[in-house]
**Q** 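Mind looking over this structure? Questions follow.
Just the heavy atoms: all of them, side chains too, but no hydrogens, waters or symmetry mates, feed the values below. In this chain, residues are counted from 1 in sequence order.
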Amino acid sequence: MWTELSRRLGVAVGMLMALAIPASAQTCERMEHDGQGYVLCRVEAAQEPALRLWQDGPDGRPLRNFANVRATLDDGEALAFAMNAGMFHPDYRPVGLLVIDGHEESGIVTGGGGGNFGMLPNGVFCTGGDRPFRVIESRSFAADRPGCRLATQSGPMLVIDGELHPRFLVDSDSRYIRNGVGVSPDGQTAFFAISSRPVTFHEFGRLFRDGLGVRDALYFDGSISRLFAPDVNRADFGRSMGPIIGLVGAPG
C-alpha cells in the first residue's frame with residue numbers, strides 16, 4: 001500500500017517538475033488501448049544513432065536515475081525521452097546481456113529461473129545491426145548472434161512471432177505499472193511504452209500485438225518502471241534503476 005502510494009506521489013511530483021523541462025521534438029504521446037492508458041515513444045530508423053543505453057557514469061558507478069543520465073550529456077544535447085531498460089541485481093548491474101556502443105558490458109543468460117526474467121522465453125532488444133531494431137528470443141540470439149550497437153536482455157517476451165507469451169493469463173490479478181519495447185515487422189520503428197495505470201501482462205502484450213501491430217515485443221520491468229518524457233510532462237523519480245535507454249537530440 002505504502003509502496004504504491006509513494007510511486008503515485010513520485011509520478012505526480014515528477015509531472016510537475018517536468019513542466020520546467022525544455023520541450024523536445026515530439027517523440028512521445030499518450031494513447032489508449034482496450035480501456036487502458038499508455039505513453040508511447042516512437043524511434044524511427046533514422047534516429048537509431050541517437051538512441052543510447054546508459055549503465056555507469058564517468059566514475060564507474062551506476063547512474064541509477066534520469067538526473068544523473070542528463071548530467072552526462074554534452075552541451076547542445078537534450079534528453080527527448082528515457083526509461084528503465086532491463087532487470088538488474090541489487091548492485092544495479094544488469095541481470096543479462098548489455099551491449100553499449102558495441103562493447104559487451106554483461107553476458108547473455110539463456111537459462112530459466114525465478115522471477116519475470118526467468119519466465120522463458122525471454123529476449124534481447126538489439127539496435128544498429130543488419131536491421132535498425134530487433135527483438136530476438138534469447139536462445140536464438142545466443143545461437144546465431146547478430147551484431148548490435150546497443151543490446152539489452154530482459155524478460156519475459158511479451159509477443160513472440162505474433163503470439164502472446166504462453167504463460168500470460170487473461171484473468172490474471174497481477175497488475176503493475178509496466179514498460180517494454182516492441183519493433184515494427186519491418187524493423188524500422190521501435191515502440192517504447194509504459195502503462196499509465198497497473199495492467200496485467202496480457203493487457204500489456206495486447207497493446208503491442210493488437211494496438212501497435214508488432215510481432216515481437218519485450219518486457220522491461222514492472223514495479224520500478226519509470227519514464228522521462230517532456231512531451232507528456234513526465235519526469236518520474238523513485239527507486240533507483242539499472243540500465244536506462246533513451247533518445248538524445250538537440251534542445252527544443
**Q** Output every pair passing salt bridge (Lys or Arg N to Asp or Glu O under 4.0 Å) with a member in residues 92-102, not counting sequence neighbours, ordered by first then second residue.
**A** Asp56-Arg93, Asp101-Arg149
**Q** Can you measure from CG (Leu169) to OG (Ser174) and round to the nearest 0.5 angstrom?
**A** 9.5 Å
**Q** What's the spacing between Phe192 CZ and Leu40 CG if we round to 0.5 Å?
**A** 10.0 Å
**Q** His165 versus Pro121: any side-chain heavy-atom pair under 4.5 Å?
**A** yes
**Q** Between the side chains of Asp173 and Arg175, is the shortest nitrogen-to-carboxylate-oxygen separation below 4.0 Å, so that they form an ion pair?
**A** no
**Q** When hydrophobic residues are tied together by side-chain contacts of less than 4.5 Å, even through go-betweens, does Phe220 share a cluster with Ile194?
**A** yes
**Q** Shortest non-hydrogen contact from Pro146 to Ile136?
**A** CG-CD1, 3.7 Å
**Q** Please report the shortest heavy-atom distance between Ser223 and Arg226, naming the atom on each side.
**A** O-NH1, 4.1 Å
**Q** Under a 3.5 Å distance rule, please check whether Glu137 uses its side chain to pair with a backbone N or O of Ser140 as donor and acceptor.
**A** yes
**Q** Determine, stepwise, if the pair Tyr38 / Leu207 fulfils side chain to side chain contact (heavy atoms under 4.5 Å, CB included).
**A** CA-CA 9 Å; Tyr38 300 91; Leu207 164 73; 3.6 Å; yes
**Q** Could you check if a side-chain atom of Phe125 sits within less than 4.5 angstrom of a side-chain atom of Arg134, using non-hydrogen atoms only?
**A** no
**Q** For the rings on Phe66 and Phe237, is their centre-to-centre separation under 6.0 Å?
**A** no
**Q** Val183 versus Val214: any side-chain heavy-atom pair under 4.5 Å?
**A** no
**Q** Looking at Tyr176, I want to see if its OH is surrounded by more than 12 non-hydrogen atoms of other residues, nucleotides or ligands under 6.0 Å.
**A** no
**Q** Go through the steps to decide whether Arg215 and Glu163 satisfy the test salt bridge (Lys or Arg N to Asp or Glu O under 4.0 Å), and finish with yes or no.
**A** CA-CA 7 Å; Arg215 295 189 61 79; Glu163 299 293 334; over 6 Å; no
**Q** Could you walk me through whether Glu29 and Val39 pass side chain to side chain contact (heavy atoms under 4.5 Å, CB included), step by step?
**A** CA-CA 6 Å; Glu29 61 184 347; Val39 175; over 6 Å; no
**Q** For residues Ile100 and Leu247: do they belong to one hydrophobic cluster (side chain heavy atoms under 4.5 Å, members Ile, Leu, Val, Met, Phe, Trp, Tyr)?
**A** yes
**Q** Flag the pair Tyr219 / Phe201 as yes when their ring centroid distance falls below 6.0 Å, and as no otherwise.
**A** yes
**Q** Take Phe191 and Phe133 through the ring-ring contact (aromatic ring centres under 6.0 Å, His included) test and state the conclusion after the steps.
**A** CA-CA 10 Å; Phe191 302 99; Phe133 308 109; 9.4 Å; no
**Q** Going through the checks in order, is the salt bridge (Lys or Arg N to Asp or Glu O under 4.0 Å) test met by Arg145 and Glu104?
**A** CA-CA 13 Å; Arg145 183 161 178 167; Glu104 185 174 301; 2.8 Å; yes
**Q** For a quick test of reading the model, state the closest non-hydrogen atom pair linking Asn122 to Gly155 and the distance between them.
**A** CB-CA, 3.5 Å
**Q** Are Met31 and Val43 connected into the same hydrophobic cluster when the rule is that any two of I, L, V, M, F, W, Y join if their side-chain heavy atoms are below 4.5 Å apart?
**A** no
**Q** Is Tyr92 reachable from Val69 through a run of hydrophobic residues whose side-chain heavy atoms are each under 4.5 Å from the next?
**A** yes
**Q** Is there side-chain contact between Asp216 and Met157, with at least one heavy-atom pair below 4.5 Å?
**A** yes
**Q** Check Arg139 against Gly112 and note the closest heavy-atom contact, atom names and distance.
**A** NH2-N, 4.3 Å
**Q** Mind checking whether Phe204 and Phe208 have parallel, tilted or perpendicular rings, split at 30° and 60°?
**A** perpendicular
**Q** Would Phe88 end up clustered with Ile244 when hydrophobic side chains under 4.5 Å apart are linked, directly or stepwise?
**A** yes
**Q** Would Gln153 and Val109 satisfy side chain to side chain contact (heavy atoms under 4.5 Å, CB included), going step by step from the backbone distance to the final call?
**A** CA-CA 8 Å; Gln153 184 183 10; Val109 176; 4.2 Å; yes
**Q** In the structure I gave you, are the side-chain heavy atoms of Thr27 and Arg42 within less than 4.5 Å of one another anywhere?
**A** no
**Q** Taking Arg30 for its side chain and Val232 for its backbone only, find out whether a donor-acceptor pair lies under 3.5 Å.
**A** yes
**Q** Taking atom CG of Leu53 and atom OG1 of Thr127, what is their separation to the nearest 0.5 Å?
**A** 7.5 Å
**Q** Using a 3.5 Å distance criterion without hydrogens, assess whether the side chain of Asp236 forms a donor-acceptor pair with backbone atoms of Leu227.
**A** yes
**Q** Output, in order, the C-alpha distance, side-chain angles, deciding distance and verdict of side chain to side chain contact (heavy atoms under 4.5 Å, CB included) for Arg64 and Met241.
**A** CA-CA 5 Å; Arg64 298 173 53 174; Met241 299 171 281; 5.9 Å; no
**Q** Can you tell me how far apart OG (Ser195) and CD (Glu203) are? Round to the nearest 0.5 Å.
**A** 9.0 Å
**Q** Any salt bridge linking Arg70 with Glu77? Criterion: basic side-chain nitrogen under 4.0 Å from a carboxylate oxygen.
**A** no
**Q** Determine the minimum heavy-atom distance between Gly147 and Cys126, stating which atoms define it.
**A** O-SG, 3.7 Å
**Q** So do the side chains of Ser154 and Asn116 get within less than 4.5 Å of each other, counting heavy atoms only?
**A** no
**Q** Sort out for me which residue in Asn179, Asp221, Asn65 forms a side-chain hydrogen bond (donor to acceptor under 3.5 Å, both in side chains) with Asn84.
**A** Asn179
**Q** From Leu120 CG over to Thr110 OG1, what is the distance, rounded to the nearest 0.5 angstrom?
**A** 8.5 Å
**Q** Is there side-chain contact between Leu98 and Gln55, with at least one heavy-atom pair below 4.5 Å?
**A** yes
**Q** Closest heavy-atom contact between Pro166 and Ile160?
**A** CD-CD1, 4.2 Å
**Q** Rounded to the nearest 0.5 Å, how far does CD1 of Ile177 lie from CZ of Arg197?
**A** 8.5 Å
**Q** Check whether Arg131 reaches the backbone of Asp186 with its side chain - one donor and one acceptor, N or O, closer than 3.5 Å.
**A** yes
**Q** Hey, does Thr152 have a side-chain heavy atom less than 4.5 Å from the side chain of Leu97?
**A** no
